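Just so you know, these numbers use all the heavy atoms, side chains as well, and skip hydrogens, waters and symmetry mates. All of these numbers come straight from a predicted model, not from anything done at the bench. Lettering follows sequence order; numbering is per chain, from 1.
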Protein chains: 2
Amino acid sequence: MQNLLFNFISKYISITEEEKNVLVSLNLFHSVKKGTILLKEGQHSKESYFVLNGCIRTYYILDGEEKTTAFYTEMDALTPPCVISQTPSECYISCVEDSIILVSNEDMSEEVNSKFPKFDIMCRKFSEELLAKQQINFDEFKTSSPEQRYLNLLKNRPDLIQRVPQHQLASFLGIKPQSLSRLRARMLKKES
Amino acid sequence: MQNLLFNFISKYISITEEEKNVLVSLNLFHSVKKGTILLKEGQHSKESYFVLNGCIRTYYILDGEEKTTAFYTEMDALTPPCVISQTPSECYISCVEDSIILVSNEDMSEEVNSKFPKFDIMCRKFSEELLAKQQINFDEFKTSSPEQRYLNLLKNRPDLIQRVPQHQLASFLGIKPQSLSRLRARMLKKES
DNA sequence: CTTATTTCTTCACTTAAGTGAACGAGTTAT
DNA sequence: ATAACTCGTTCACTTAAGTGAAGAAATAAG
């Protein structure tokens, strides 16, 4: 499992055995059960997450309704908005599946960064990449209809459709579960 | 006009006269007329923009239709997706109003960063802030109806509604110009 | 194994957005 | 000054999403 992490890191920087040991000694690895809630509305948090295995999701509760905004799967990283803005969280984070994740807090990353300046470089590259991905995602969402979004999902992250309950997918696509059901039925008809 | 920039920078780091002079000597300031297109689909670019004054927008042309995804006004920064991903641009950038903007390219920022490591720190803080803002924007967009989005806009960026043509606003809100017209008419009725 | 609970689909109905066309007001160009 | 555009609004009509309710199927809990 740790190798997954080291492989990922070596995409950005080279890493020595010594550095690997430091990382391991930090006890970053956590195994979390499906349904576990990692962050609740109102909480203060300095934790970032990195998914090695499994799936976690961010959502809001507005007017008593869950609104899912994102899913994070293998090799996805997530720093909740509240951690950056240093305000009480407005969103929830929970595990969609049994997952193995890295949990790091700010103090830890400062420690690592001071010992290994290379990590700073990696984080920077990584967050630039994230920013670009997010930009593109946002643009794609804005410029698409729910149906197009579903087709995009089918193309880009087909696994999600299998792994995630429909009603969570629906709100991720910006519609109600009933509408997603209809949409799928409509598409099946068209095919034939 | 330059003071606008320096004031902005001092929100993040302290800056000496010497450093100011280096910045000025770089000839970053550009005055651009309304309607000027800064970036076209298919172009390669390494340029980032910072708006001192005025308004620029990013949009895509899909099926012959303009889809506006963002407006950038005073003290907003923009690094187009294509610059980060180093691929031909898929989006356009144009001036909504006569504007004064900073244009910087990657080589330049590397030069500045090597001379003044402080700038690196500033860029990092700034991009973290941007990432958080974007995250929040995206979540807000996803969890809102067109009407709520319009109300949000009215609350958070009321100037845009005055400054920007309705049909560009409409696609920014994810709907057609006719729908925005109706939506506004509907809201006026409700008020009375 | 049986009872709950969650999840997904379907239905009838309401509401809002998409579409294509038309019109006037304001701009720009010639 | 006139013609050509752009822009915003309105209208009638179509299509799709929201809503509330109901029921089947799958999962989880006892």
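Residue pairs meeting the salt bridge (charged side-chain N to carboxylate O under 4.0 Å, His left out) criterion with at least one member in residues 24-51 of chain A, sequence neighbours excluded, are A:Lys33-A:Asp98. Within the structure, salt bridge (charged side-chain N to carboxylate O under 4.0 Å, His left out) contacts touching residues 78-89 of chain A (residues at least two apart or in different chains) do not occur. Here salt bridge (charged side-chain N to carboxylate O under 4.0 Å, His left out) pairs that include residues 84-96 of chain B, with residues two or more places apart or in two chains, number zero. Within the structure, every pair that satisfies the ring-ring contact (aromatic ring centres under 6.0 Å, His included) test and touches residues 144-172 of chain B, not counting sequence neighbours, is listed here: B:Phe71-B:Phe172.
End-to-end axis angle of the helix from C:dC1-D:dG30 to C:dT30-D:dA1, from C1' rotation axes over five pairs per end: 50° (rounded to 10 degrees).
Side-chain atoms of A:Gln166 and A:Pro177, non-hydrogen and from C-beta on, never get closer than 4.5 Å to each other. The shortest side-chain heavy-atom distance between A:Asp139 and B:Cys91 does not fall under the 4.5 Å cut-off.
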#### Entry: Sequence-aligned protein contact record of nucleotides 24-30 of chain C, with B where the base is within under 4.0 Å of a protein heavy atom and S where only the sugar-phosphate is
-------
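Summary of the strand contacts: A:Ser181 and B:Pro146 both lie near DNA chain C, and taking for each the nucleotide with the nearest heavy atom, the more 5' one is attributed to A:Ser181.
For B:Thr16, the side chain to side chain contact (heavy atoms under 4.5 Å, CB included) partners at least two apart in sequence or on another chain are B:Glu18, B:Glu19. Applying the side chain to side chain contact (heavy atoms under 4.5 Å, CB included) criterion to B:Asn137, with sequence neighbours excluded, gives A:Phe138. Every side chain to side chain contact (heavy atoms under 4.5 Å, CB included) that A:Glu65 has, sequence neighbours left out, goes to A:Lys67, A:Lys176. In this view, B:Pro88 and B:His44 satisfy the side chain to side chain contact (heavy atoms under 4.5 Å, CB included) rule, not counting sequence neighbours.
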Could you go over nucleotides 18-20 of chain C and give all protein N or O partners under 3.5 Å, atom names and distances?
from: C:dG18; atom 1: OP2; to: B:Lys176; atom 2: N; distance (Å): 3.1
from: C:dG18; atom 1: OP2; to: B:Ser179; atom 2: OG; distance (Å): 2.8
from: C:dG18; atom 1: N7; to: B:Arg182; atom 2: NH2; distance (Å): 3.2
from: C:dG18; atom 1: O6; to: B:Arg182; atom 2: NH1; distance (Å): 3.0

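Ion pairing between a basic and an acidic side chain is recognised when a charged N comes within 4.0 Å of a carboxylate O; B:Lys20 and B:Glu17 show such pairing. Comment: B:Arg157 engages B:Asp76 in a salt bridge, judged by a side-chain N to carboxylate O separation of less than 4.0 angstrom.
Within residues 148-170 of chain A, the residues approaching DNA chain C are A:Pro165, A:Gln166, A:His167, by heavy-atom distance under 4.0 Å.
Distance A:Leu188 CG to C:dC8 P: 16 Å, rounded to the nearest Å. Between the CD atom of B:Glu66 and the C1' atom of D:dC7 there is a distance of 13 Å, given to the nearest Å. Residue A:Leu183 contributes atom CG, which lies 16 Å from atom P of D:dT15 at whole-angstrom precision. Between the P atom of D:dT15 and the CD atom of A:Glu147 lies a distance of 13 Å, rounded to the nearest Å. Atom CG of A:Leu180 is separated from atom C1' of C:dT10 by 14 Å (rounded to the nearest Å).
Residues A:Phe8 and A:Ile13 share a single hydrophobic cluster, defined by chaining ILVMFWY side chains whose heavy atoms lie under 4.5 Å apart.
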